[in-house]
Amino acid sequence: MTELTANVNWLAVIIGAVISYALGMLWFSPKMFGTKWAEGNRLDPKGPARPPVAGIIVQAIGTFLLAWLVGVTAASNALATIILVGLTLIALMAAGGLFTSKSSYAIAAETTYVAAMLVITIAAQGIL
C-alpha cells in the first residue's frame, strides 16, 4: 500500500484535481462544448430538471483518483506509464461512445477533456 502514498506530492494532486474539475464545469457548459455534447448524447441541451448529484460526486471522485494516479507515477518517475494509462482510458471511452452511438462530437468532447485532465495533472506534478 505504501507505493500508493510514498513520496506523492499531495499538494499537486489536490491542485491538479481542483483545476481539472473546474475545467470540466466550463468544458461541458453551454459556453464551450456542452450544448453540442448534450445533443450528441441525446440529452436535453437545456440540461436536466435537477442537477445530477450522483454524477457530480462520482466525477469529483474520479478526477481525484486520476490526479492521485498521476501523483503515484510521478513519485516513481513513471511518466510513460501514466501516458499509456491515459491513452488506454481515452480509447476505452471512445469505444464506449461508439457502442452507444454517441455523436463523434460528443466522443471528441469527452475524450479531449480526459486528455486535458491528464495534461493538467501532469503539469501540476511538474510545477509544484
Side-chain angles (χ1 to χ4, degrees):
M1 186 76 172
T2 58
E3 70 270 12
L4 298 179
T5 57
N7 301 317
V8 171
N9 181 341
W10 291 105
L11 178 63
V13 168
I14 292 167
I15 289 174
V18 168
I19 292 171
S20 293
Y21 191 83
L23 175 64
M25 291 171 49
L26 179 62
W27 196 274
F28 293 102
S29 74
K31 293 181 180 176
M32 286 189 73
F33 310 112
T35 302
K36 283 187 73 175
W37 168 82
E39 291 169 357
N41 280 291
R42 296 180 296 281
L43 301 171
D44 183 353
K46 295 175 188 154
R50 293 182 299 160
V53 175
I56 291 168
I57 292 169
V58 172
Q59 180 66 39
I61 292 168
T63 302
F64 174 77
L65 290 172
L66 179 64
W68 183 7
L69 178 60
V70 170
V72 169
T73 60
S76 59
N77 246 356
L79 179 61
T81 301
I82 193 58
I83 291 171
L84 179 60
V85 168
L87 292 173
T88 302
L89 291 172
I90 289 167
L92 291 171
M93 288 178 64
L98 292 167
F99 275 116
T100 57
S101 301
K102 291 182 179 184
S103 73
S104 57
Y105 189 93
I107 294 169
E110 292 169 1
T111 56
T112 55
Y113 171 58
V114 171
M117 290 171 57
L118 280 166
V119 169
I120 289 167
T121 53
I122 290 169
Q125 289 293 326
I127 294 169
L128 299 173

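Every heavy atom of this structure was used, including side-chain atoms; hydrogens, water molecules and symmetry mates were not. Everything quoted here is computed from the prediction, not taken from an experiment.
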Can you tell me how far the [atom1] atom of [X] sits from the [atom2] atom of [Y], to the nearest 0.5 Å?
X	Y	atom1	atom2	value
Ile90	Ile107	CD1	CD1	13.0 Å
Leu118	Ile83	CG	CD1	8.5 Å
Leu89	Thr111	CG	OG1	11.5 Å
Lys46	Thr35	NZ	OG1	11.0 Å
Ile127	Ile122	CD1	CD1	11.5 Å

Shortest non-hydrogen contact from [X] toward [Y]:
X	Y	result
Val85	Leu69	CG1-CD2, 3.7 Å
Gln125	Ala74	OE1-CB, 3.7 Å
Val13	Gly71	CG2-CA, 4.2 Å
Ala106	Asn41	CB-ND2, 3.6 Å

Exercise for review: With sequence neighbours excluded, tell me which residues meet side-chain contact (heavy atoms from CB on, under 4.5 Å) with Ala38.
Suggested key: Leu43
Does [Y] offer a backbone N or O that forms a donor-acceptor pair with the side chain of [X] under 3.5 Å?
X	Y	value
Tyr113	Ser20	yes
Trp37	Glu110	no
Trp68	Leu4	yes
Ser29	Leu26	yes

Single-linkage hydrophobic cluster, 4.5 Å side-chain cutoff, [X] and [Y] together:
X	Y	value
Val119	Phe64	no
Ile19	Leu66	yes
Ile61	Val72	yes

Exercise for review: Please report the C-alpha distance between Arg42 and Ser101 in whole Å, then the side-chain angles of each, then the deciding distance to 0.1 Å, and finally whether the side-chain contact (heavy atoms from CB on, under 4.5 Å) criterion is met.
Suggested key: CA-CA 10 Å; Arg42 296 180 296 281; Ser101 301; 4.2 Å; yes
Check your understanding: Where do Tyr21 and Ile120 land on the side-chain contact (heavy atoms from CB on, under 4.5 Å) test, with the steps shown first?
Key -> CA-CA 10 Å; Tyr21 191 83; Ile120 289 167; over 6 Å; no
Exercise for review: Show your reasoning for whether side-chain hydrogen bond (donor to acceptor under 3.5 Å, both in side chains) applies to Gln59 and Thr63.
Suggested key: CA-CA 6 Å; Gln59 180 66 39; Thr63 302; 3.1 Å; yes
Point to revise | Thr73 and Leu79, any side-chain heavy atoms less than 4.5 Å apart | key: no
